[in-house]
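Structure, as structure tokens:
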Amino acid sequence: MRTFNEKVWEVARHIPYGKVTSYGRIAKLIGAPQAAREVGWAMAALGNQPHGDAVPWHRVVNGEGRISISNHDHGADEQRRLLMAEGVLFDGDNDLKISGFTAILWSPSPVEIQHLLDEGAE
DNA sequence: CCCGTGACGGGGG
DNA sequence: CCCCCCGCCACGG
């Protein structure tokens, strides 16, 4: 629990099934409110991580509740598929905007986050 | 060292 | 709904 990326992954690892959050919200949770873009970079770097599959990257979307990953390699479709499998609904069949986004937002208590970052639970 | 590039976000038009 | 601009910051050329 030290580097920026490790903090991002540790927090993201705890997003509950069926819930979602945004890059910006994670940035704020780890005390780097201006680093939303870097959170996205951290998610992209998961592929090269040993236990990267333990992090539910698909539950992280942009602040408007819209999938913002590029779809040139069907990444967006994959994220949409994974979310729908958890009961997350979208505005339309071919839409990347989650319907009822604010209602399924993950809102961890500050205490919980503090604990995660301090203890570095694994 | 400068510069382009984003899985971002907020503000305006 | 769309588009643009700007601040942000790590990475790669």
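Since the structure is predicted, the reported quantities are computational estimates derived from the model, not experimental observations. Just so we're on the same page: letters track the sequence lines, and every chain starts at 1.
- Within 6.0 Å of CD on A/Glu64 lie no more than 12 heavy atoms contributed by other residues, nucleotides or ligands.
- Taken together through direct or relayed side-chain contacts under 4.5 Å among Ile, Leu, Val, Met, Phe, Trp and Tyr, A/Met84 and A/Phe101 form part of one hydrophobic cluster.
- With rounding to whole Å, A/Tyr23 atom OH is found 17 Å from C/dC9 atom C1'.
- B/dA7 atom P lies 20 Å from atom CD of A/Gln49, rounded to whole Å.
- Between the P atom of B/dC8 and the CZ atom of A/Phe101 lies a distance of 13 Å, rounded to the nearest Å.
- Under the Watson-Crick or G-U wobble criterion, with both distances below 3.5 Å, C/dC1 has no partner in any strand shown.
- In terms of modelled atom types and a separation under 3.5 Å, the side chain of A/Asn71 and the main chain of A/Ala76 share a donor-acceptor contact.
- Remark: A/Ser22 is in phosphate contact with B/dG9, judged by side-chain N or O atoms under 4.0 Å from OP1 or OP2.
- When the nearest nucleotides of DNA chain C are assigned to A/Gln34 and A/Arg66 by heavy-atom distance, the more 5′-ward of the two goes with A/Arg66.
- In terms of phosphate contacts, A/Ser70 brings no side-chain nitrogen or oxygen within less than 4.0 Å of OP1 or OP2 of B/dA7.
- Comparing A/Arg37 and A/Trp41 along DNA chain C, the residue whose closest nucleotide (by nearest heavy atom) sits nearer the 5' end is A/Arg37.
- Here A/Ala44 lies in heavy-atom contact (under 4.0 Å) with a base.
- Between the CG atom of A/Asp91 and the P atom of C/dC1 there is a distance of 8 Å, rounded to whole Å.
- In this structure, the NZ atom of A/Lys97 is 16 Å from the C1' atom of C/dC2, given to the nearest Å.
- Judged by the 6.0 Å and 45° rule, A/Arg37 forms no cation-pi pair with A/Tyr23.
- One interatomic measurement links the two molecules: CD of A/Glu38 to P of B/dT5, which rounds to 17 Å at whole-angstrom precision.
- Look at B/dC2: its Watson-Crick or wobble partner, with both distances under 3.5 angstrom, is C/dG13.
- Rounded to an integer number of Å, the gap from A/Phe4 CZ to C/dC11 P is 11 Å.
- For CG of A/Asp73, the number of neighbouring non-hydrogen atoms (other residues, nucleotides, ligands) closer than 6.0 Å is greater than 12.
- The interatomic distance linking A/Met43 (CE) with C/dC11 (P) rounds to 15 Å, in whole Å.
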